[in-house]
Amino acid sequence: EEFIAIDESFIKELGLASGLSGGAATNHRFGLFSIFESMKKRVYSKLMQKGEPFPSLMVTKDSLVPKGSYAQAQAKYLRPDESTVSKLADLLQRTETGVVAHFYMDPEVQGVLSRAKNSHWEHIHISDSLIMADKAVEMAQKGCKRICVLGVDFMSENVRATLDHQGYKDIEVYRMDEQMIGCTLAEAAESEAYEKYLDQASQGSAEDAKNALHVVYINTSLKTKAIAQSKVPTITCTSSNVVQTILQSTSQLEGDVDVYYGPDAYMGANIKEMLEQLLQTTDEDVRRIHPAHDLRTISRLLSRFHYFDDGICLVHDLFGASVAQSIEEHYADAFLTAHFEVPGEMFGKALHASHNGDRGVIGSTQNILDFILAKVKLACSHALPGQEKLQFVLGTESGMITSVVNAVQELLREEESQVQVEIVFPVSSEAITTESQTNSPLAGAGFEEMSDISAVVPGAASGEGCSMEGGCASCPYMKINSLDALLSILSRVAKANSSANSDLAKFAPRNYSETIGGRSFAEVGTVPILHMRHFQKHKEMSAELIQDIKTRGR
């Protein structure tokens with residue numbers, strides 16, 4: 001027990017972090033950090049007399065080997081029925097329709113989409129929410145007349161707004177359900193509490209003549225972005241660029257700005273934690289992250305950083321203390337991946353791993369995928385005798401597995417590598433759909449079909465998402481975007497009569513009739529997105545945004 005309590009960061013403090021360096025040792029599994037964590041894992045196993053508790057999927061260049069019922073459910077649709085693939089591809093071609101889908105789609109949908117793209121129809125893209133809109137524009141440029149969006153409603157709104165801004169207002173955009181496809185995080189940003197939070201930001205700026213900037217997560221509606229922009233200068237961010245957005249804006253304003261982040265409470269707390277940890281480093285370490293900052297400026301930023309504390313994604317809320325503890329006990333030597341939205345316990349584990357031996361990553365779904373591929377590519381370069389095995393804990397929605405498996409297998413085949421890649425799903429015992437959940441009031445509201453996939457798909461039948469004690473969540477909102485829904489909409493589009501096409505208006509993104517200062521929600525709500533796109537392109541905040549911050553309310 002005394003050995004388990006030792007923190008491996010002592011290796012760095014003793015100047016041993018580069019131990020066993022060179023050649024194959026550049027992989028963390030051959031470094032001192034990994035050796036020490038492997039020893040701790042063995043001690044845990046001896047003390048508790050039990051092995052790894054979570055299901056997993058072993059990936060090689062030619063095979064998939066699931067361990068546990070949950071992994072079997074995820075693997076089931078990674079090899080789709082070819083007749084279904086052909087049916088979908090035919091409809092897409094006939095209707096000249098492109099598809100943009102989020103990483104969190106059901107494995108059945110992703111499996112069919114991936115195969116259709118590779119063999120029949122190029123205008124299909126699966127990614128995080130930011131890239132979806134960009135890819136929709138590319139599809140329009142290449143001749144697609146309509147776009148089907150597989151995601152929650154703020155994603156289809158973003159696609160519609162981006163197409164309009166790029167001059168493609170005639171391109172049709174369709175959601176996958178007549179009813180709203182919600183998101184707990186986006187809904188939190190439309191609450192009375194969030195409006196009061198924005199009022200606090202705007203009033204503080206006006207009364208005290210302070211500069212204020214609202215950094216809003218892209219996972220919010222155009223209505224939220226419009227209302228926010230009307231109250232306080234606002235820029236959109238993603239989980240991959242939020243830290244740099246805050247650092248760059250504060251540097252351009254020489255620290256003279258109060259930053260209000262929202263609506264994700266976990267991400268806000270995690271940003272604060274990262275900044276606090278930066279204060280424990282050196283000026284040189286800080287400048288590696290942003291060249292215009294040092295310990296003094298980070299300290300000032302912390303004193304003027306605020307975040308909304310009442311918004312969560314029900315998916316990432318589930319990676320709590322019990323899951324983090326199981327990872328500590330059973331997967332200490334694995335690579336840890338965590339979305340920026342996870343609770344502090346899981347965030348802390350991944351952050352610690354990233355700082356000690358480059359064994360973890362925190363960021364967006366795309367950041368997680370890139371990290372996994374980079375480590376696999378490094379392992380392929382070793383060309384070690386036998387089969388090298390890498391293990392990754394997937395700290396985000398389990399729908400990610402389709403894109404991970406496809407990308408990893410493609411890489412292994414290109415490299416003709418024998419490397420084995422194990423993806424671990426951190427599912428707690430409380431995160432299992434039970435018979436009573438299947439009979440819950442929400443069964444019949446679009447979630448009951450999920451029970452046919454497996455008896456252990458987490459939470460989808462009840463709409464809960466998973467146990468609040470932690471688990472590998474499967475977002476019930478994302479699962480509304482079913483394969484049947486996509487095929488149904490495409491079939492309607494394929495019909496030439498106008499009455500059938502008029503029904504399609506029900507599937508269009510939300511059309512806001514409200515205005516602010518004589519401008520539509522869509523027009524005002526697009527401003528924060530454009531500020532973000534300027535930052536992405538030029539690596540600095542636009543002159544318009546800086547001027548707005550300095551003059552708003554004066």
Side-chain angles (χ1 to χ4, degrees), residues 85 88-105 109-176 218-219 222 225 236-241 364-370 373 399-400 402-404 406-407 410 478 481 486 489-490 493-494 504 507-509 522 525-539:
V85 173
L88 173 63
D90 177 65
L91 281 169
L92 290 172
Q93 290 171 348
R94 283 197 289 131
T95 59
E96 299 177 276
T97 301
V99 176
V100 290
H102 194 268
F103 280 132
Y104 292 171
M105 288 300 100
V109 178
Q110 289 200 53
V112 173
L113 287 175
S114 298
R115 183 62 63 86
K117 177 179 181 178
N118 292 335
S119 57
H120 300 277
W121 184 243
E122 66 172 311
H123 305 300
I124 297 172
H125 188 78
I126 303 171
S127 67
D128 60 17
S129 56
L130 175 64
I131 305 300
M132 289 168 67
D134 294 333
K135 291 299 179 180
V137 171
E138 289 182 16
M139 292 173 189
Q141 292 171 340
K142 294 179 179 179
C144 288
K145 295 182 178 178
R146 51 193 59 84
I147 304 293
C148 282
V149 180
L150 277 64
V152 293
D153 281 345
F154 71 79
M155 297 176 184
S156 58
E157 289 179 16
N158 191 32
V159 168
R160 177 72 277 167
T162 303
L163 284 168
D164 289 350
H165 182 262
Q166 295 294 325
Y168 293 100
K169 294 184 178 182
D170 58 330
I171 300 298
E172 300 166 12
V173 176
Y174 296 116
R175 303 155 53 255
M176 294 299 104
I218 194 171
N219 294 12
L222 279 176
K225 296 179 179 75
T236 304
C237 74
T238 71
S239 48
S240 59
N241 69 18
S364 66
T365 46
Q366 188 63 53
N367 293 147
I368 290 172
L369 179 59
D370 291 344
L373 291 177
M400 258 308 274
T402 306
S403 294
V404 171
N406 288 338
E410 181 180 356
M478 288 290 191
N481 296 272
L486 176 59
I489 287 176
L490 291 172
V493 173
L504 289 169
F507 298 92
T526 303
V527 172
I529 299 173
L530 297 179
H531 287 326
M532 179 186 69
R533 293 190 177 279
H534 183 281
F535 171 55
Q536 288 179 295
K537 182 177 181 180
H538 301 286
K539 308 305 179 187

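Scope of the values below: all heavy atoms of this structure, side chains included, with no hydrogens, waters or symmetry mates.
Rounded to the nearest 0.5 Å, atoms OG1 (Thr238) and CD (Gln536) are 6.5 Å apart. We find the CG-CG distance between Leu88 and Leu113 to be 6.0 Å, quoted to the nearest 0.5 Å. The CG atom of Leu222 lies 7.0 Å from the CG atom of Asn158; values are rounded to the nearest 0.5 Å. Between Gln110 atom CD and Asn406 atom CG the span is 8.0 Å, to the nearest 0.5 Å. One finds the CZ atom of Arg175 at 13.5 Å from the CZ atom of Arg160 (value rounded to the nearest 0.5 Å). For the atom pair Asp128 CG and Leu369 CG, the distance stands at 10.0 Å (nearest 0.5 Å).
Using a 4.5 Å heavy-atom threshold, the side chains of His102 and Met400 count as separate. In this structure, the side chains of Leu486 and Asn481 stay at 4.5 Å or more apart for every pair of heavy atoms. Looking only at side-chain heavy atoms (C-beta outward), Met139 and Ile124 stay at 4.5 Å or farther from each other. You'll find the side chain of Met132 stays beyond 4.5 Å of the side chain of Lys135, heavy atoms only. Leu490 places none of its side-chain heavy atoms less than 4.5 Å from the side chain of Tyr174. A heavy-atom distance below 4.5 Å is not found between the side chains of Cys144 and Glu96. Proximity of Met176 to Leu150: side-chain heavy atoms (C-beta onward) are separated by under 4.5 Å at one or more points. Using a 4.5 Å cut-off on side-chain heavy atoms (C-beta onward), Ile489 and Cys148 make contact.
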Report task. Go through the steps for His120 and Val85 under the test side chain to side chain contact (heavy atoms under 4.5 Å, CB included), then give the verdict. Result -> CA-CA 9 Å; His120 300 277; Val85 173; 3.7 Å; yes
Requested in this report: Report the C-alpha distance between Gln366 and Asp370 in whole Å, list the side-chain angles of each, state the deciding distance to 0.1 Å, and finish with yes or no for side chain to side chain donor-acceptor pair (under 3.5 Å).
Outcome: CA-CA 6 Å; Gln366 188 63 53; Asp370 291 344; 2.9 Å; yes
Query - Test side chain to side chain contact (heavy atoms under 4.5 Å, CB included) applied to Tyr104 and Thr365, step by step - result: CA-CA 9 Å; Tyr104 292 171; Thr365 46; 3.3 Å; yes
Report task. Report the C-alpha distance between Val137 and Leu163 in whole Å, list the side-chain angles of each, state the deciding distance to 0.1 Å, and finish with yes or no for side chain to side chain contact (heavy atoms under 4.5 Å, CB included). Result -> CA-CA 6 Å; Val137 171; Leu163 284 168; 4.0 Å; yes
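Applying the ring-ring contact (aromatic ring centres under 6.0 Å, His included) test to residues at least two apart or on different chains, the pairs with a partner in residues 121-166 are Trp121-His123.
Between the Glu138 side chain and the Ala133 main chain, no donor and acceptor come within less than 3.5 Å of each other.
Using bins of under 30°, 30° to 60° and over 60° for the plane-to-plane angle, the ring pair His534/His538 lands in the tilted bin.
A donor-acceptor contact under 3.5 angstrom links the side chains of Asn367 and Ser364, judged on distance only.
Shortest non-hydrogen contact noted between Ser156 and Val173 is O-CG1, 4.3 Å. Of all heavy-atom pairs spanning Phe535 and Asn241, the tightest one is CE2-O, 4.5 Å. Nearest heavy atom pair, residue Val100 against residue Ala136, reads CG1-N, 4.0 Å. In this structure, Lys225 and Thr236 approach most closely via the heavy-atom pair CE-OG1, 3.8 Å. Contact between Ser119 and Arg115 at its shortest, heavy atoms only, is OG-O, 2.7 Å. In terms of heavy-atom proximity, Ser114 sits nearest to Thr402 at OG-CG2, 4.4 Å.
Applying the side-chain contact (heavy atoms from CB on, under 4.5 Å) criterion to Asp134, with sequence neighbours excluded, gives Ile131, Arg533.
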